[in-house]
2 protein chains.
Amino acid sequence: MQAVFASRARDEGKSARTRARLMDAAVGVFAREGIEAASVNEIAQAADVANGTFYNHFKDKDEIVGSVAFAMARDVAARLDEAMQDLEDADERTSFATRQFIELATSAPEWGRALVDAVWHLPALRRQVSAYARADIDRGVRDGVFKVEVDDLLVDLFASMVLMAVFLRLEGEEGADTGARVAEHQLRMLGVSAARAKRVAWRTLTPLSLVE
Amino acid sequence: MQAVFASRARDEGKSARTRARLMDAAVGVFAREGIEAASVNEIAQAADVANGTFYNHFKDKDEIVGSVAFAMARDVAARLDEAMQDLEDADERTSFATRQFIELATSAPEWGRALVDAVWHLPALRRQVSAYARADIDRGVRDGVFKVEVDDLLVDLFASMVLMAVFLRLEGEEGADTGARVAEHQLRMLGVSAARAKRVAWRTLTPLSLVE
DNA sequence: CCCATAATTGGGATGTCTCTCAATTTCTGC
DNA sequence: GCAGAAATTGAGAGACATCCCAATTATGGG
């Protein structure tokens, strides 16, 4: 288990540290039990904290679900943005984001499971993810790299493909090349030529990590 | 609410009829509350039956979930097979199945919601759905209609696209042409030419229904 | 080092859920 | 239309969840 929130809150006040512990614990419980089946008691216990302490920090389970999910999404987006600074071409960016997201979720399975689960529970999160993905896709259309009409449906289909890919990797049903294969499909769907899609989607990838 | 199971069990013994009533009720509750949040009490109440009666017919909630989900899948498959009898070309069949499934789930929203939810809860169901979809896809490869290598990942990606499409239609975020658009994407992913994919995926469609 | 404030604790009131079972009602074959 | 079998009923035991709150413990500025 990676205590991502706690390690980042190490230098903050006690309240913030406890809150972070609860959020890390929640990620683990959500991954193990699923968000719906998770109970406040379980989260508190996993965080080594009394039941009542939970309610000093969160109104109820929904609130911690939201906090955890949006924080995870923000972190992943920040990591991707940072790593993509130097990438100019929209097809490179789209492929990179797809592949790194899948690998990130796979390499931190608790985060992966919790995040995938959360996307289905929180419509607002799904919309945010779609909007994020869409930025680079629109960029590609503007630059003439993608030669198709892009609409919400296409972006949501991409999202569903990525979620399925993460799910399959977490279940052990697919292997390390899954990200590249999904990215290649996506580039083809965006009108990129077969040759270029293959070249871009299969570039060597340096793994990212969520903690520095 | 369509009492699909009950209407089919009309001429059977009392036990079978009560069982069918419970299954219809379960579909409604699963759709409204989600499978996980649904309680046995709620299902019994919706079926107009005492709590204890439930346990004469099902060991617990998991058992009715399985029964309902697999029965729904079997019904949909039977309906599709029946309607596709005359379709020979694999691209026509694939497109037809995708579109009809999406429309079927949309026109019977309770079934649609319950089924989509169930696919994520029951790995065995997802595998069964994938296997079903794969039959026509493999047929297309054999016949030379689809000019790509087909593997499990591609089939699962198709499944995820269809599930997302159903979800978006049920949420009212996409309209009646969703099925055709998804089918067109799928045919393109299978190597069908743009012109033919457009022609096949946008044929006029006669709506199917789950009850005769 | 002290004390006001903040944070934590854990027990308990209240509610819901699952599953059982003895009593009762409904079926069905003769 | 009756007797035995089958199905149904609903109250309740037991497990567990949420959320509150009075008592206790920790924190950190002066």
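Chain naming here is simple, since letters A, B, ... match the order of the sequence lines and numbering starts at 1 in each. What you see below is based on every heavy atom in this structure, not just the backbone, and it leaves out hydrogens, waters and symmetry mates.
If you check every strand for non-hydrogen atoms under 4.0 Å, B:T53 touches a base.
Here the nucleotide nearest the side chain of A:S15, chosen from C:dA7, D:dA17, C:dT9, is C:dA7.
Using a cutoff of 4.0 Å between basic side-chain nitrogens and carboxylate oxygens, A:E12 and A:R19 are not scored as salt-bridged. Residues A:E171 and A:R113 are paired through a salt bridge, judged by an N-O separation under 4.0 Å between the basic side chain and the carboxylate.
The nearest whole Å value for the distance from the CG atom in A:D60 to the P atom in D:dC20 is 10 Å. The CZ-C1' distance, from A:F58 to D:dT18, rounds to 16 Å in whole Å. Rounded to whole angstrom, the span from the CD atom of A:Q45 across to the C1' atom of D:dC16 amounts to 13 Å. When the P atom of C:dC19 is taken as reference, atom OH of B:Y55 falls 4 Å away, rounded to whole Å. Regarding A:E36, its CD atom lies at a distance of 13 Å from the P atom of D:dT18, rounded to whole Å. As rounded to whole Å, 17 Å separates atom P of D:dA17 from atom CG of A:D62. Spacing between atom CD of A:E42 and atom P of D:dA15 amounts to 18 Å, rounded to whole angstrom units. B:K61 places its NZ atom 10 Å from the P atom of C:dC17, with the value rounded to the nearest Å.
Between A:D136 and A:T94, the side chains place no donor N or O within less than 3.5 Å of an acceptor N or O (distance only, hydrogens not considered).
Nearest heavy-atom pair, B:L87 versus B:E92, reported as atom, atom and distance to 0.1 Å: CD1-O, 4.0 Å.
Contact annotation: B:H57 side-chain N/O to D:dA7 OP1/OP2 distance is not under 4.0 Å. The shortest distance between the side-chain N/O atoms of B:N56 and the OP1/OP2 oxygens of D:dA7 is not below 4.0 Å. The phosphate of C:dT8 has OP1 or OP2 within less than 4.0 Å of a side-chain N or O from A:T18.
B:R10 has its side chain out of reach of B:R17: every pair of non-hydrogen atoms, C-beta onward, lies at least 4.5 Å apart.
When each of A:N51 and A:K14 is assigned the nucleotide of DNA chain C with its nearest heavy atom, A:K14 is the one assigned upstream, toward the 5' end.
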